[in-house]
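We name chains A, B, ... by the order of the sequence lines, and we start the count at 1 in each one. Only heavy atoms go into these numbers, but all of them, side chains included; no hydrogens, no water, no symmetry mates. All values derive from a computational prediction rather than experimental measurement.
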Amino acid sequence: MPELPEVEVTRQGLADRLEGGWVRAARLGKPLRWPLGVPVDSLVGRQMGVMQRRGKYLWLPLSAPQAAVGAAAAGEPGGVLLHLGMSGSLNLSASAGAAGPHDHFELDTDRGLLRLTDPRRFGAVVWSDALDADPAARLLARLGPEPFDTSLTGLRLHAMLSQRRTTIKAALLAGDVVVGAGNIYVSEALFRSGIDPRQRCDRLSRPRCERLLQALRATLAQAITLGGSTLRDFKDAHGTSGAFQDQALVYGREGQPCGQCGQAVRRIVQAQRSTYFCPHCQRR
DNA sequence: ATGGGTACCTGTCTGC
DNA sequence: TGCAGACAGGTACCCA
């Protein structure tokens, strides 16, 4: 599910509300992608810091435990690195009922109950001593620059892409050239920049890389404003669905007329994933 | 080193 | 109605 906009919308809905709050209890459901790495009770008695995002990961800093607040355990500060996988969402609510079959991580805090719901369980919650310590560091190491990082320019994007022979669709999806765009937003950004998703990275001119970066930023920014996309599962921290899916120009629109030229939008499969594009408006 | 395929897991929808 | 098969927002890992 969640691509950068959905993760960012989630972060925006949680950061202020969680900051400074205390963890009173913690619980795990079914196993996720990786084990937490520490006993879940060791999260109790810690104070939450400002939630941050890197790519599609979220980082919730946690102070060293205070015995007076919760459990007795001593420990060092650290945090949990969260990933929403394909079907995850994080919700903070004052009065949550009993955990459902897809609720796999819960922090009961004085700010409410923070709950990760993830039917497919591709998501993750991993303890790390710091963002730049393993295992967080190892997971984040492969990520490319943030799309809104001002040091990322069309020139730099062009330099990175010129080293690759894969298709532009595959390269953007891989997240090591730029993070954040997944299957929906890659299709949309390529349409908006008029680039054929099958085009080889090393054949893209610098002006086209420039246009691609602009389109990617515009698409992601619009999606964040609209609360992300909800295809089926995604809800923000307040339980609200996104609205970008209604603005998609090609994604999920196979056979429908392209809004620019009227020709039918095509769906092809690249690396086992659907790609939507307009063969007329998008050129190699 | 790069690139492609596989695996993880559950739910929903389609077509026979 | 039942059931098999395809498909779904991601990504670490393995092998060529």
ask   = Hey, which of A:L81, A:V125, A:V80, A:L90 is the one that makes side chain to side chain contact (heavy atoms under 4.5 Å, CB included) with A:L58?
value = A:L90
query = Is it the case that A:Q214 and A:E210 place a side-chain donor and acceptor less than 3.5 Å from each other?
reply = no
ask   = What distance, rounded to whole Å, do you find between the two P atoms, one in C:dT11 and one in B:dT12?
value = 23 Å
ask   = Do you know which two heavy atoms are closest between A:S274 and A:R267, and how far apart they sit?
value = OG-NE, 2.8 Å
query = Atom CZ of A:F234 to atom P of C:dG9: distance rounded to whole Å?
reply = 15 Å
Every protein N/O within reach of nucleotides 1-3 of chain B N/O, cut-off under 3.5 Å:
unit_1 : atom_1 : unit_2 : atom_2 : d
B:dG3  : OP1    : A:R165 : N      : 2.7
B:dG3  : OP1    : A:T166 : N      : 3.3

query = Can you name the nearest heavy-atom pair linking A:C209 to A:L204, along with the distance?
reply = SG-CB, 4.0 Å
inquiry  = Under a 3.5 Å cutoff, is there a donor and acceptor pairing between the side chains of A:K235 and A:S241?
reply    = yes
Restricting both atoms to N or O, compile the protein contacts to nucleotides 12-15 of chain B shorter than 3.5 Å, with distance only.
none

query = Is A:R206 reaching over with its side chain to a backbone N or O of A:G154, donor-acceptor style, under 3.5 angstrom?
reply = no
ask   = Over how many whole Å does the gap from A:L82 atom CG to C:dG10 atom P extend?
value = 17 Å
query = Would you say a side-chain N or O of A:H102 is under 4.0 Å from OP1 or OP2 of B:dT10?
reply = no
ask   = Ring centroid separation for A:Y185 and A:F244, is it under 6.0 angstrom?
value = yes
ask   = For A:R253 and C:dA8, what is the distance between atoms CZ and P respectively, to the nearest whole Å?
value = 17 Å
query = Looking only at side-chain N and O atoms, does A:S274 come under 4.0 Å of OP1 or OP2 in C:dA8?
reply = yes
message = Quick test of your reading: applying ring pair (Phe, Tyr, Trp, His ring centres under 6.0 Å), list the pairs with at least one residue in residues 136-176 of chain A, sequence neighbours left out, ordered by first then second residue.
response = none
remark   = From CG of A:L220 across to P of C:dG9 the rounded distance in Å is 16 Å
remark   = Heavy-atom nearest pair, A:G255 first then A:A264, reads O-CB, 3.9 Å
remark   = Parsed dot-bracket for DNA chain C after applying the Watson-Crick and G-U rules with both distances under 3.5 Å and | for other-strand partners is .|||||||.|||||||
task = Please step through side chain to side chain contact (heavy atoms under 4.5 Å, CB included) for the pair A:T167 and A:R200, ending with a clear verdict.
result = CA-CA 4 Å; A:T167 64; A:R200 273 174 54 140; 5.6 Å; no
For atom CD of A:E254 and atom C1' of C:dC7, their distance in whole Å = 12 Å
ask   = If you measure only the distance, is there a donor-acceptor pair under 3.5 Å linking the side chains of A:R156 and A:S151?
value = yes
key: From OG1 (A:T230) to CG (A:D236), nearest 0.5 Å   = 8.0 Å
message = Please give the distance between the C1' atoms of C:dG9 and B:dG3 as a whole number of Å.
response = 23 Å
request  = Give the rounded distance in Å between these two atoms: CG of A:L58 and P of C:dT11.
outcome  = 12 Å
Side chain of A:Q272 - closest among B:dT10, C:dG10, B:dG5 = B:dG5
request  = Supply the atom-to-atom distance A:T109 OG1 to A:M48 CE, rounded to the nearest 0.5 angstrom.
outcome  = 4.0 Å
ask   = To the side chain of A:R273, which of C:dC7, B:dC9, C:dG10 is closest?
value = C:dG10
task = Determine yes or no for a side-chain-to-main-chain donor-acceptor pair under 3.5 angstrom, with A:R283 supplying the side chain and A:G194 the backbone.
result = no
ask   = Which residues within residues 121-131 of chain A lie with some heavy atom under 4.0 Å of an atom in DNA chain B?
value = A:R121, A:F122
query = Any sub-3.5 Å donor-acceptor pair from A:D202's side-chain atoms to A:R165's backbone N or O?
reply = no
Pairwise N/O distances under 3.5 Å, protein to nucleotides 12-16 of chain C:
unit_1 : atom_1 : unit_2 : atom_2 : d
C:dA12 : OP1    : A:Y57  : OH     : 2.7
C:dA12 : OP2    : A:R142 : NE     : 2.6
C:dA12 : OP2    : A:R142 : NH1    : 2.5
C:dA12 : O4'    : A:R33  : NH1    : 3.1

request  = Provide, to the nearest angstrom, the distance between the CD atom belonging to A:Q245 and the P atom belonging to C:dA8.
outcome  = 16 Å
Whole-Å distance separating the NZ atom of A:K30 from the P atom of B:dG11 = 7 Å
query = A:K56 side chain N/O closer than 4.0 Å to the phosphate oxygens (OP1, OP2) of C:dT11?
reply = yes
request  = Could you check A:E188 against A:T219 for side-chain hydrogen bond (donor to acceptor under 3.5 Å, both in side chains), going step by step and ending with a plain yes or no?
outcome  = CA-CA 7 Å; A:E188 292 300 310; A:T219 304; over 6 Å; no
inquiry  = Between C:dC3 and B:dC9, how far apart are the two P atoms, rounded to whole Å?
reply    = 24 Å
key: Ion pair check, A:D176 and A:R142, cut-off under 4.0 Å   = no
